[in-house]
Structures are given as structure tokens and as C-alpha cells.
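Have a look at the structure below before the remarks.
Chain letters run A, B, ... following the sequence lines, proteins first, then strands; residues in each count from 1. Since the structure is predicted, the reported quantities are computational estimates derived from the model, not experimental observations.
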There are 2 protein chains.
Amino acid sequence: MNTKSGLLEPLESLSMTDRVENSLREFFTENAFKPGDPLPNEQEIAQRLNVSRNVVREALSRLRMLGMIETRPRRGMVMAQPDPLASIEKVLNPLILSQSSLNDIFELRLILEMGIADFLFARKTAKALDELELIVEKQKKLPLLSKEDEIEFHGKLYDMTGNETFQRFQSLLFPVFEHVFTSLSKPGGHAVIKDPVSHYDLFKILKEGTSEEFQQAMRIHLSVYYNTIKA
Amino acid sequence: MNTKSGLLEPLESLSMTDRVENSLREFFTENAFKPGDPLPNEQEIAQRLNVSRNVVREALSRLRMLGMIETRPRRGMVMAQPDPLASIEKVLNPLILSQSSLNDIFELRLILEMGIADFLFARKTAKALDELELIVEKQKKLPLLSKEDEIEFHGKLYDMTGNETFQRFQSLLFPVFEHVFTSLSKPGGHAVIKDPVSHYDLFKILKEGTSEEFQQAMRIHLSVYYNTIKA
DNA sequence: AATATTACATTTGTCCTACAAATGAAAAGA
DNA sequence: TCTTTTCATTTGTAGGACAAATGTAATATT
């Protein structure tokens with residue numbers, strides 16, 4: 001009877017593919033593989049790990065998806081440079097993410113929007129400000145801002161930071177917000193939100209104010225949406 | 001001769017595995033699959049897509065790694081809830097990330113550290129402040145802060161935000177910084193950095209000051225390290 | 001008849017073989 | 001020496017086989 005054995009742990013329920021994946025990852029770091037370094041071929045890996053080529057290929061397929069390795073048609077495989085955001089992109093399906101994940105992601109966006117203030121003030125140009133002005137002037141005439149309007153304004157802001165990662169991050173995150181809003185604003189039709197801080201206000205502060213003022217204003221601007229979700 | 005054809009695009013050089021992966025992802029979203037929903041079995045997928053089971057398994061192996069699907073030993077596969085950060089974790093090998101990725105990640109951390117200010121002031125408790133005080137009091141006596149000390153202080157801050165994603169984010173990002181610092185601080189041995197804003201200062205502001213003051217102070221605190229890297 | 005046991009069918013995990021396409025290298029020819 | 005041809009290597013894809021596991025159906029037992 002094992003019902004009273006001391007240790008009762010789930011232990012190694014990893015599949016062969018999982019273990020090969022780990023072995024390969026370990027192999028890469030142990031041997032300090034750098035981008036461009038050639039990898040042993042599939043058969044050799046299979047033989048050395050004493051598994052079938054199928055299992056090796058399933059593990060390699062994962063690493064290939066992450067961008068860690070590349071295979072040039074018949075020259076074999078080489079180490080590559082993964083794009084950290086590409087991997088997250090594949091998982092950002094609002095329908096299957098947990099509510100807590102969605103909340104965390106929303107908070108992450110709040111932080112980013114406020115955090116880019118310093119970058120905006122450090123890197124803003126007259127030309128970019130003119131382009132932003134066109135956007136807010138157009139939006140001032142609208143009675144209600146659509147999702148596209150929001151994307152246009154906030155996307156332009158990320159654009160002005162000059163940080164490519166931020167831009168991509170926001171384009172990745174937007175579908176998540178879109179889903180959250182549409183799913184939560186359904187019961188009451190379309191709740192018209194009276195914004196205490198409009199896009200035009202933000203623009204004026206960005207043009208003439210300070211980074212601190214901008215952060216404050218952005219916080220208020222976003223808190224409206226934040227409270228909407230929390231309610 | 002195709003040398004003068006109008007369009008000259010790389011087109012679809014995707015492997016079957018890539019296309020099956022995309023098809024599956026599309027299939028899931030089109031049919032609004034939610035966690036727990038059962039999936040068709042491998043053979044059926046292979047037949048419907050007219051590919052071999054091997055290819056299907058390679059694609060499924062990727063989705064399984066991302067946590068999108070799970071397979072219970074004999075009952076088949078079901079939709080699961082992926083952890084957005086788990087996928088990025090696998091890729092955070094400082095040796096293979098490009099320099100620009102590392103820079104982007106560092107800027108991202110700067111923004112996060114400054115951005116959590118509001119959350120800290122909104123959610124700080126007397127108990128957490130006491131625990132933080134113990135940390136900074138201990139560190140005040142040290143002539144030089146180790147990586148572990150940095151982790152302890154900043155980790156506690158992320159802890160106090162109550163946002164699990166932030167906590168995990170920082171624990172993921174730390175190895176990257178560790179590598180960057182150790183690789184860059186080697187030539188001159190260990191550069192002693194005189195911090196204009198210490199952990200203790202940050203603690204005092206968090207306890208008695210305002211969110212704005214904290215952000216300012218954190219920016220100065222981190223800029224020291226930032227400049228170290230840039231130099 | 002109700003329960004316990006057994007047999008079966010289904011599905012994943014793993015292995016094996018085979019072969020086409022591609023491509024660099026080597027061999028053959030001019 | 002340079003060009004052309006052949007060959008060997010390696011990945012991509014297909015298909016078959018079988019063990020293990022497990023829910024379900026069938027059978028046996030009390």
C-alpha cells in the first residue's frame with residue numbers, strides 16, 4: 001500500500017517532447033549558443049537523447065515557433081534571435097484568457113500609458129505635434145469617440161515615443177481591450193462617458209505643459225474607463 | 001521569364017506545420033472556443049486538413065507548450081487557459097536576444113517601476129510598509145548592495161502592487177538585467193554607484209510623500225543604472 | 001436484480017520507415 | 001581552369017504500427 005508513503009508528489013509526468021524541449025534549451029545555455037551557431041541535425045539529436053526523430057521534431061517545432069531556431073532549407077538548423085513579443089502575441093486571445101489575466105493586462109496598459117510621458121516629452125517634435133493636433137481637432141467635433149478614434153489617438157502617442165516595443169505592445173493589447181469593452185458595455189447599450197480629460201486636453205498639455213501634468217491628466221483620462229470596467 | 005512579373009513577393013513559404021497551427025488558431029477563434037471545450041481528435045484534424053498526423057501533432061505540440069490546449073491522458077484534448085507570461089519566459093535567454101530587444105526590455109522596466117507608483121499609494125498597508133522598512137533599514141548598513149538586495153527591495157514593491165502579473169514580470173526580467181550588468185561591469189571590476197536616491201529614500205517617500213514625488217525619485221534612482229548601461 | 005469483473009474500443013504517445021525537394025559538395029567533362 | 005553533372009545530406013511530409021491508458025459496454029457473480 002502506497003497510501004501512506006512519505007512523499008506523494010506528482011513528479012515527472014512530462015512527456016518525452018517536454019523533456020527533449022528542456023534538454024535542448026539547457027543544451028543551448030550550457031554551451032552558450034549564440035545566434036548563427038549551427039545546431040546538430042535531427043537524427044543526431046534523436047540518437048544522443050535516445051528518442052525518436054518525431055519527438056525531437058515536435059520539440060524543435062516549438063523552438064522554431066518561438067523564433068529560437070531557424071532552419072534554412074537543406075543547410076540545417078541554426079540558432080536565431082527570438083522576438084519576445086511574438087510569443088505573447090499568439091496567446092492573446094481574449095476568449096480564453098482568464099479574467100484575472102485580462103485585469104492584469106489592463107493595469108499594465110494603464111501603467112504604460114502613464115509611463116510613456118517622459119519619453120513623449122523627451123522625444124516630441126513639432127511635426128509630430130502637428131499631426132497629433134489634426135487628430136484631436138477632428139475628434140473635437142465628434143459627439144462620441146469610436147474605438148478607431150481611440151486607437152488613432154493613443155496609437156499616435158505610442159508612435160511618438162520612438163520605442164518600437166511600446167508600439168507593438170499597444171497594438172497587441174488593443175484587441176484585448178476592445179473585447180473587454182464590447183462585452184461589458186452591452187447591457188446598457190452604449191454608455192456615453194463624459195470625459196473629464198479629453199484627447200484635446202492631453203494634446204494641449206503635451207504641447208505646452210510638463211511631463212507630470214501629462215501623467216496626472218492621463219491617469220484621469222484612463223480612470224474613467226478603468227472604473228467602467230470595475231463597475 | 002518571370003524576371004519582369006509585376007508582383008515579386010516572398011508569398012507563402014510557410015511550412016505545413018505553420019499553416020496547420022494558424023488554421024487551428026483561426027478555428028478556435030471563429031468557433032469561440034472557451035476553456036474546457038473539447039477538441040476534435042488528432043486523426044480527425046489531420047483528415048479534415050488533409051495533412052499527416054505528424055504535422056498536426058507538431059502544431060498541437062506548439063499550442064500545448066503555450067498552454068492553449070491540454071490533453072488528459074485518455075479523454076482527448078480540451079481548450080485551456082494560457083498564461084501569457086509563460087511563453088515569454090521561455091525566450092528570455094540574454095545570450096540570444098538582440099541588443100535592441102534588451103534595450104527595449106530595460107525601458108519597459110523603467111516605465112513599470114515608475115508606473116507602479118499609483119498602485120503602491122492606492123494599495124499600501126501599514127503591515128507591508130513595516131516589512132519594507134525592515135528591508136531598507138538592513139540595507140542602510142551595507143556598503144554595497146548586491147543583486148539579491150536589489151531584488152529584495154524592488155520585488156517587495158511589486159509585491160505591494162497586488163498585481164500578480166507585475167510580480168512575475170519582474171522576476172522574469174531580472175535575469176536579463178543581471179546578465180547585462182555583470183557583462184558590462186566586468187572591465188572595471190565592480191563599479192560602486194553612488195545613488196542620489198537610495199532605497200531608504202524611496203521608502204520614506206512611499207510612507208509619507210505623494211505618488212508624484214515617488215515617481216520622480218524612482219526615475220532618478222533608476223537613471224543611474226540606465227546611464228551605466230548606456231555608457 | 002444489483003454489483004463486481006472483464007473485455008473492448010478509443011485516443012494519445014512514441015517509434016519506425018520511406019521518400020521528395022533542396023542544396024552544398026564533389027566528381028566529371030570541356 | 002572553369003563549367004556541368006552527379007551525389008550525399010538534411011529537412012519536410014506521409015503513413016503504419018503498437019503500447020498505455022481509460023471510459024464504456026458486456027459478462028459473470030452473488
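If you measure from atom CG of A/Asn50 to atom P of C/dT14, you get 13 Å, rounded to the nearest angstrom. Atom CG in A/Leu49 sits about 13 Å away from atom P in C/dT14, given to the nearest Å. As a whole-Å value, the separation of A/Met16 CE from D/dA19 P is 17 Å. What separates CD of B/Gln47 from C1' of D/dA14 is a distance of 14 Å, to the nearest Å. For the pair A/Met77 CE and C/dG24 C1', the interatomic distance rounds to 17 Å; values are reported in whole Å. One atom, CD of A/Gln43, and another, C1' of C/dC19, lie 13 Å apart when rounded to the nearest Å. Straight-line distance from the CD atom of B/Glu70 to the C1' atom of C/dT12: 15 Å, rounded to whole Å. Atom CG in B/Asn41 sits about 15 Å away from atom C1' in D/dT22, given to the nearest Å.
Ion pairing of B/Lys90 with A/Glu21 is present here, as a side-chain N (NZ or NE/NH1/NH2) and a carboxylate O approach within less than 4.0 Å. Between A/Arg48 and A/Glu44, at least one side-chain N (NZ, or NE/NH1/NH2) sits under 4.0 Å from a carboxylate O, which counts as a salt bridge. Ion pairing of A/Arg62 with A/Asp18 is present here, as a side-chain N (NZ or NE/NH1/NH2) and a carboxylate O approach within less than 4.0 Å.
Distances shown here put a side-chain N or O of B/Ser52 below 4.0 Å from the OP1 or OP2 atom of D/dA14. Contact annotation: B/Thr71 side-chain N/O to C/dG13 OP1/OP2 distance is under 4.0 Å. Here A/Arg64 reaches the OP1 or OP2 of D/dG12: one of its side-chain N or O atoms lies under 4.0 Å away. Applying the 4.0 Å criterion to OP1 and OP2 of D/dT11, one finds that A/Arg72 has every side-chain N and O outside that range.
Residue B/Glu42 is the one, among A/Val55 and B/Glu42, whose nearest nucleotide of DNA chain C lies closer to the 5' end (criterion: closest heavy atom).
Put simply, the side chain of A/Leu39 reaches to within 4.5 Å of the side chain of A/Phe28, judged on heavy atoms.
Residue-to-nucleotide contacts include a donor-acceptor pair under 3.5 Å from the side chain of A/Arg53 to the base of D/dG12. Side-chain atoms of B/Asn54 come within donor-acceptor range of the base of D/dG15, with a qualifying N/O pair under 3.5 Å.
For the pairing with A/Glu113, the side chain to side chain donor-acceptor pair (under 3.5 Å) check across A/Gln170, A/His154, A/His221 returns one residue only, A/His154.
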